[in-house]
Visitor: 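After the structure tokens below, expect a handful of questions from me.
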Amino acid sequence: MTRVRFAPSPTGFLHIGGARTYIFNWLFARQHGGKVVLRIDDTDRERSTDEALQSIIDGLHWLELPWDEQHHQSERRTKHVEAAEALLAKGLAYRDFTRQNALPEAKDAAGVWLANPVMRELTRDESDRRASAGEPFVVRFRVSLGTDRTITFHDQVFGEQSRKIADIEDFALLRSNGSPTYHLASTVDDSDLGITHIIRGQDHLTNTFKHILLFEALGGDLPVFAHLPLLLGPDGSKLSKRRHGEIVSVTNYRDHGFLPQGIINYLCLLGWSPKDNQELLTRGELIELFKLESVNRTNAVVTFDEDSEQSWADPKALWINGQQLRSLPVRDLLPYVEIELREAGWRLPQNEAGRKPSLEATVDLIRSRFNTLKDFTERGAAYFNDTFPTDIKAEKNLNKEGVRESLRALADRLATLNDFTSESVETTLRSLAEERGMKAGLMINGARAALSGQSVGPSAFAIFTALGRDCVIDRLRKV
RNA sequence: GGCGCUAUCGUCUAAGGGUUAGGACAGGGCCCUCUCAAGGCUCAAAUACGGGUUCGAAUCCCGUUAGCGCUGCCA
């Protein structure tokens, strides 16, 4: 059974790099009929916060890619400590009583620190004696420095990887306060939770050799490793909460009106592609097409401009979201739109005895111009609400010679129409324009302005029918 | 400093020994048109640099440069 895991540390919000890692894990698991484990790596209790945890859960939840199990490392601490003690007992680890922050001389001399020979060679008796005397220590893994062994593994993305054991330092397993380090906790849990595939950021590529050493010492099966290229900010540095701020948070995309399928589609195209020029992919297609082997090895830059309201996100991300928003079956889009409207505090329009087209029809009409859900309450305000702003250009269209008066006249004619269809409205409008010796375009644009408050938007006649006769007459008379 | 990874249009990417180096976003232009989008067409835009191997290199090898990662009692 394939089992993958996503292991965020709750020290901040979930950024889109982490989200992409989660998505790739999820796709891989689903494709193989496996399970997704969400493991909260909160061994660093001081830096972990409940707010961060909640924000991560919210972000993941929003993606609508459910996980199957959830664990917290802090609850598994006993297992980690036991593992360290077992290694200590077997001589595969040792206590290092060097004071914190006191640099081993070896580091100064060679520029590289691998081990503290004094602590490494302490006899067991002396080590036990100093420990029971209460002297603080950190437990280090004893890397077999003497051998000329080279560790090799086949990374599913980066291919054959090898490293001389002599280049690996004696890394810490337990801190002097007794808490497990990331390397220990992560490996013990991966082994214990039966993780078969570790798919994570490339920043862990070189850590993998340490983990392999630990897996061997712990006696567990080695999982398959796959490292993902990093996501970089516009400045070329690794995407991070600290450096790039809230703008790279997953919830920021949600709050700006992204669709889960929009952000997922965009993120999947960063570092991976289906190789056939297809760019718009549904979740089902992604599950089917995703291959670790076709993940790139080069870091990808996410472009955004924190100073610009317009380009807060990568323009391509916005474009993809717009494409998703337009291509989704309207029925599937509706729930998102309803939430958006509700959050704006608006009542959902009701279908009034067949006089008004369905909410679906309206959404379908206006969505071809929209890129995010926010557009429904901003640019789409007039379709759902009686109070809406009129923009400057629309105002100008209304102020053109004779427009307001003609629109009021049009309202009277529309009131007498038997059939209120876009054809009948068009015929009525055009003949009225002709009678008045006026260009139809003036009235058409004026009508759009009066009905929607905007100079741009769908075909004016489509707006008439989308709003329904009563609403149209009301708005035209008030012009 | 040491070890490792990477390098194709501004950005995301395709081509993995033989292509006019393809697509997408963004940008320019045209068509469509009641406006704006959408859509269609089109223009501009790239193999980091230097050596080698080869009849032939974006592709394989070496070097350089640049970027990134690891080198923590962070993860």
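Residue numbers begin at 1 in each chain, while the letters A, B, ... track the order of the sequences.
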Visitor: Indicate, yes or no, whether a donor-acceptor pair under 3.5 Å links the base of B:C73 to the side chain of A:Arg140.
Guide: no
Visitor: Which base, if any, makes a Watson-Crick or G-U wobble pair with B:G39, both distances under 3.5 Å?
Guide: B:C31
Visitor: Can you check the A:Leu214 CG to B:A75 P distance for me, whole Å?
Guide: 14 Å
Visitor: Mind calculating the distance between CG (A:Leu232) and P (B:A7) to the nearest angstrom?
Guide: 14 Å
Visitor: Please report the distance separating the P of B:U6 from the corresponding atom of B:C60, rounded so that it comes out in whole Å.
Guide: 11 Å
Visitor: If we take the C1' atom in both B:A15 and B:C5, what is their distance in whole Å?
Guide: 23 Å
Visitor: For A:Ala460, report the nucleic acid contact type (base, sugar-phosphate, nothing); a contact means any heavy atom under 4.0 Å.
Guide: base
Visitor: Would you mind classifying the nucleic acid contact of A:Pro8 as base, sugar-phosphate or nothing, using non-hydrogen atoms under 4.0 angstrom?
Guide: nothing
Visitor: By the 4.0 Å heavy-atom rule, please label A:His183 as base, sugar-phosphate, or nothing.
Guide: base
Visitor: Give the ring-plane orientation class for A:Phe171 versus A:His183, where under 30° counts as parallel, over 60° as perpendicular and anything between as tilted.
Guide: perpendicular
Visitor: In this structure, how many angstroms lie between the C1' atom of B:U71 and the CG atom of A:Asp203, rounded?
Guide: 14 Å
Visitor: Under 3.5 Å, is there any donor-acceptor pair linking the side chain of A:Thr181 to the base of B:C73?
Guide: no
Visitor: Please give the distance between the C1' atoms of B:A57 and B:G18 as a whole number of Å.
Guide: 10 Å
Visitor: How would you label the contact of A:Gln278 with the nucleic acid (heavy atoms, under 4.0 Å): base, sugar-phosphate, or nothing?
Guide: nothing
Visitor: Between B:A75 atom P and A:Lys241 atom NZ, what is the distance in whole Å?
Guide: 12 Å
Visitor: Would you classify A:Phe370 as touching base, sugar-phosphate or nothing, given that sugar-phosphate means primed atoms plus P, OP1 and OP2, and contacts are heavy atoms under 4.0 Å?
Guide: nothing
Visitor: Any donor-acceptor pair under 3.5 Å linking the side chain of A:Asn296 with the backbone of A:Pro229?
Guide: no
Visitor: Give A:Arg297 one of three labels, base, sugar-phosphate or nothing, depending on what nucleic acid heavy atoms sit under 4.0 Å from its own.
Guide: sugar-phosphate
Visitor: Base, sugar-phosphate, or nothing: which does A:Glu426 touch, judged by heavy atoms less than 4.0 Å apart?
Guide: nothing
Visitor: Does the side chain of A:Phe153 come within less than 4.5 Å of A:Leu222's, by heavy atoms?
Guide: no
Visitor: Find the distance A:Phe158:CZ to B:U6:P and express it as a whole number of Å.
Guide: 6 Å
Visitor: Counting only N and O atoms by type, is there a donor-acceptor contact under 3.5 Å from the side chain of A:Arg404 to the main-chain atoms of A:Val479?
Guide: no
Visitor: When all nucleic acid strands are considered with a 4.0 Å heavy-atom cut-off, which category describes A:Lys210: base, sugar-phosphate, or nothing?
Guide: sugar-phosphate
Visitor: Start at the 5' end of RNA chain B and walk down; is the nucleotide closest to A:Arg369 or to A:Pro315 reached first?
Guide: A:Pro315
Visitor: B:G4 and B:C61: how far apart are their P atoms, nearest whole angstrom?
Guide: 16 Å
Visitor: Classify the nucleic acid contact of A:Ser455 as base, sugar-phosphate or nothing, counting any heavy atom under 4.0 Å across all strands shown.
Guide: base
Visitor: Taking CG from A:Asp42 and P from B:C74, how many angstroms apart are they, rounded to a whole number?
Guide: 15 Å
Visitor: Please work out if A:Gly441 contacts a base, only the sugar-phosphate, or nothing of the nucleic acid, heavy-atom cut-off 4.0 Å.
Guide: nothing
Visitor: Taking donor-acceptor contacts at under 3.5 Å, does the side chain of A:Ser459 reach the base of B:C34?
Guide: yes
Visitor: Taking CZ from A:Phe209 and C1' from B:G4, how many angstroms apart are they, rounded to a whole number?
Guide: 8 Å
Visitor: According to the Watson-Crick and G-U wobble definitions, with both distances under 3.5 Å, which nucleotide is paired to B:U19?
Guide: none
Visitor: Should the pair A:Phe384 and A:Phe376 be assigned to parallel (<30°), tilted (30 to 60°) or perpendicular (>60°) ring geometry?
Guide: tilted
Visitor: Under 4.0 Å from OP1 or OP2 of B:C70: is there any side-chain N or O of A:Arg163 that close?
Guide: no
Visitor: Taking a pair as Watson-Crick or G-U wobble with both distances under 3.5 Å, which nucleotide is matched to B:C9?
Guide: none
Visitor: Within less than 4.0 Å of OP1 or OP2 of B:A75, is there a side-chain N or O belonging to A:Arg175?
Guide: yes
Visitor: Could you label the plane-to-plane angle of the A:Phe215 and A:Phe225 rings as parallel, tilted or perpendicular, counting under 30° as parallel and over 60° as perpendicular?
Guide: perpendicular
Visitor: Scan every strand shown for a Watson-Crick or G-U wobble partner of B:A57, both distances under 3.5 Å, and answer none if you come up empty.
Guide: none
Visitor: Can you check the distance between B:C43 and B:G63, where both ends of the measurement are the C1' atom (answer in whole Å)?
Guide: 39 Å
Visitor: Is the side chain of A:Ser191 donor-acceptor paired with the backbone N or O of A:Val188 at a distance under 3.5 Å, no angle test?
Guide: no
Visitor: Can you check the distance between B:G51 and B:C12, where both ends of the measurement are the C1' atom (answer in whole Å)?
Guide: 32 Å
Visitor: Contact class for A:Thr11 (heavy atom, under 4.0 Å): base, sugar-phosphate, or nothing?
Guide: nothing
Visitor: Counting only Watson-Crick or G-U wobble pairs whose two distances fall under 3.5 Å, which nucleotide matches B:C49?
Guide: B:G63
Visitor: At under 4.0 Å between heavy atoms, how does the protein contact nucleotides 9-14 of chain B? Give one character per nucleotide, 5' to 3', with B, S or -.
Guide: --SBSS
Visitor: When the C1' atoms of B:A7 and B:U20 are compared, how many Å lie between them, rounded to an integer?
Guide: 25 Å
Visitor: Measuring only the P atom in each nucleotide, how far is B:C49 from B:C9? A whole number of Å is fine.
Guide: 10 Å
Visitor: If B:A14 has a Watson-Crick or G-U wobble mate with both distances under 3.5 Å, name it; if not, just say none.
Guide: none
Visitor: Please give the nucleotide sitting opposite B:C70 as a Watson-Crick or G-U wobble pair, both distances under 3.5 Å, or none.
Guide: B:G2
Visitor: What orientation do A:Phe290 and A:Phe24 show, parallel under 30°, tilted 30 to 60°, or perpendicular over 60°?
Guide: tilted
Visitor: Round to the nearest Å and state the distance from A:Leu231 atom CG to B:G69 atom P.
Guide: 13 Å
Visitor: Have a look at A:Asn207 and say if it touches a base, only the backbone sugar-phosphate, or nothing, with a 4.0 Å heavy-atom cut-off.
Guide: base
